[in-house]
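Both ligands and their constituent atoms are indexed starting at 1 by order of listing. Only this structure's heavy atoms are used, side chains among them; waters, hydrogens and symmetry mates stay out.
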Amino acid sequence: MKVLATILVILFSNLLLTSANLINYSVLPLSITIPNPERGFYVHRETLSTGVYQALTRSDLSNIKAQNNTLILRLYYLHAFLNSDISSTYLSSMQTDFNNVRLTGGIKLILRFAYSNSQTNSGIWDATKAVMLRHIAQLKPLLTSNADVIAVVQAGFIGVWGEWYYTNHFGYPRPTAADNANRREIVDALLDALPRTRMVQIRTVKQKQDMYSRLTPITLAEAFTETTISRLGHHNDCFLQSSTDSGTYTNVTIDYPFLSQETVYLAMGGETCGVNEPRSLCPTATYEMELFHYSYLNQGYERNVLNSWRTGGCYVTIQNRMGYRFELISSFLPSISTISTPFSIRFTINNSGYASLFNKRMVYLVLRNTANNQEFSIPLRTDPRFWFPGQLTVVNESVQLPRSIPTGNYRMFLNLPDLYTSISSMPDYSVRFANNGLWEPRTGYNDLNFTLVVRI
Ligand SMILES: *[C@@H]1O[C@H](CO)[C@@H](O)[C@H](O)[C@H]1NC(C)=O
Ligand SMILES: *[C@@H]1O[C@H](CO)[C@@H](O)[C@H](O)[C@H]1NC(C)=O
Ligand SMILES: *[C@@H]1O[C@H](CO)[C@@H](O)[C@H](O)[C@H]1NC(C)=O
Ligand SMILES: *[C@@H]1O[C@H](CO)[C@@H](O)[C@H](O)[C@H]1NC(C)=O
Ligand SMILES: *[C@@H]1O[C@H](CO)[C@@H](O)[C@H](O)[C@H]1NC(C)=O
């Protein structure tokens, strides 16, 4: 009897194995914009700390969202506090900004702090290190509790516009070893003021190398390990403006391969700052955005460069390829499964974007009962930050159904929600695949277009 049962189990397992199905999906062309989180053209919004506070209002945020922009570069000028703490009024205005972003949904902030927006008043380019460290300590609770709506933080603080050049206290025009140690103290404090899930971006390759005494780019083994070096990304605020992007690069022979490798695993973004043809035209722009894995650029500056991309025919491509763009090519799914026996699922993703995700995110297989809509969400082991651009990723996993699942028919979905539970049920913060007919706007799930029969 036992032998017969064993034979039956083997036969049944074989039946399950042979009943897997190949499903192909239709991919959206690159001309179609998908308003996915943490990527794309950003809108610049700054506020001073004297005069009227320029708040992020609900109506402004709604308009930005309606334009399919999901990132805002939020720049806080702390010049009123050069010699004092940040006022509690200012801190609470910042909190209101974060609240409004979260209420709007879909949008996240690229944060930057600075003390001056003009190089002409040379005595007040920035605060002392002691004041900066005190300010970062004051900001820490705010950064921690609002990390859900912060995509990434630019190092800022030092120098006019927080761009690390015109500085009173950190080595102008050329930092010494002591200046680099002081700069590193600011960056370390900022990293410490953020959850380890978040990255800080440094203005130039040389600055990162000089501060952290490391000349080799981070490796695959180090990627996303939440160590200091794996949390320090890059931003270039003078993209294409000269052969060195106005001093962004010290030596392109050294800096290019370094930056190209680092940005596979680290956040990269910036803005253009002036016409410099032919370098600032479409061919070099698209080549370098792919090479350096850009996730974001300023949509409002510099207008002549952006217009040259419109007339050159690459603007929409750039808009849609920045960051990640996940095309679900096919999947291999079972028709039937028993509750006790694990089954294999396989799916293939083409990342046609310039970059991968830089913030952590889970992937869930969601099973929805077709009779009563009851849902079961099963975490997969795959990490979508490793679904790199320019390659196909095959995810192949064994799935164990929850013991409590009732028998029945289940529609299958993939869900990539935000990591933070405060916003993980908001579909605008979930990742939408670049496919026809798979996105379910109400839930933020991607439909696998297949039904699984669950049996005893
Ligand atoms: C925003 O994206 C959606 C979805 O792709 C699209 O239907 C809509 O036309 C876009 N709106 C704008 C203003 O680009
Ligand atoms: C840049 O670095 C390369 C490789 O080390 C070196 O050969 C070259 O002389 C450097 N160029 C300048 C301008 O320093
Ligand atoms: C993946 O996307 C890239 C960029 O759009 C495209 O060139 C390539 O053909 C795609 N690969 C597949 C297998 O669809
Ligand atoms: C997928 O995983 C299953 C079970 O782990 C294995 O038998 C199969 O060979 C894998 N398929 C591919 C294409 O990697
Ligand atoms: C879903 O699958 C059916 C075939 O079962 C196919 O006709 C349909 O086009 C697919 N829908 C999508 C959005 O891929």
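When ring centroids are compared, Y53 and Y90 come within the 6.0 Å threshold. In this structure, Y42 has its ring center under 6.0 Å from that of Y296.
Note: W387 and F433 have tilted aromatic rings, judged against thresholds of 30 and 60 degrees for the angle between ring planes. Under the 30°/60° scheme for interplanar angles, the aromatic rings of F239 and Y294 are found to be tilted.
With D245 as the partner, the side chain to side chain donor-acceptor pair (under 3.5 Å) test is satisfied by one option alone out of T272, T204, N236: N236.
The shortest contact between atom 13 (C) of ligand 5 and any protein heavy atom is with N436 O, 3.5 Å. Looking at atom 11 (N) of ligand 3, its nearest protein heavy atom turns out to be N350 ND2, 2.9 Å. Counting only heavy atoms of the protein, atom 3 (C) of ligand 1 lies nearest to N68 ND2, 3.7 Å. The shortest contact between atom 4 (C) of ligand 1 and any protein heavy atom is with T33 O, 3.6 Å. Protein heavy atom at the shortest distance from atom 5 (O) of ligand 3 is S352 CB, 3.4 Å. Of the protein's non-hydrogen atoms, N449 ND2, 2.4 Å is the one closest to atom 10 (C) of ligand 5.
Numbered from 1 in the order shown, with element, the atoms of ligand 1 that lie under 4.0 Å from a heavy atom of A66 read 13 (C).
Checking Y354 against T286 by side-chain atom types alone, no donor-acceptor pair falls below 3.5 Å.
Protein heavy atoms are found inside the 4.0 Å sphere centred on atom 1 (C) of ligand 5. Taking a distance limit of 4.0 Å, we find that atom 7 (O) of ligand 3 is approached by no protein heavy atom.
Contacts between L30 and ligand 3 below 4.0 angstrom, taking non-hydrogen atoms only, involve the side chain exclusively.
For ligand 5, the polar-atom distance check against N24 finds no nitrogen or oxygen pair separated by under 3.5 Å.
Salt-bridge annotation for D418 and K108: present, with a side-chain N of the basic residue lying under 4.0 Å from a carboxylate O of the acidic one.
The heavy-atom pair separating P334 from F343 by the smallest distance is CG-CD1, 3.4 Å.
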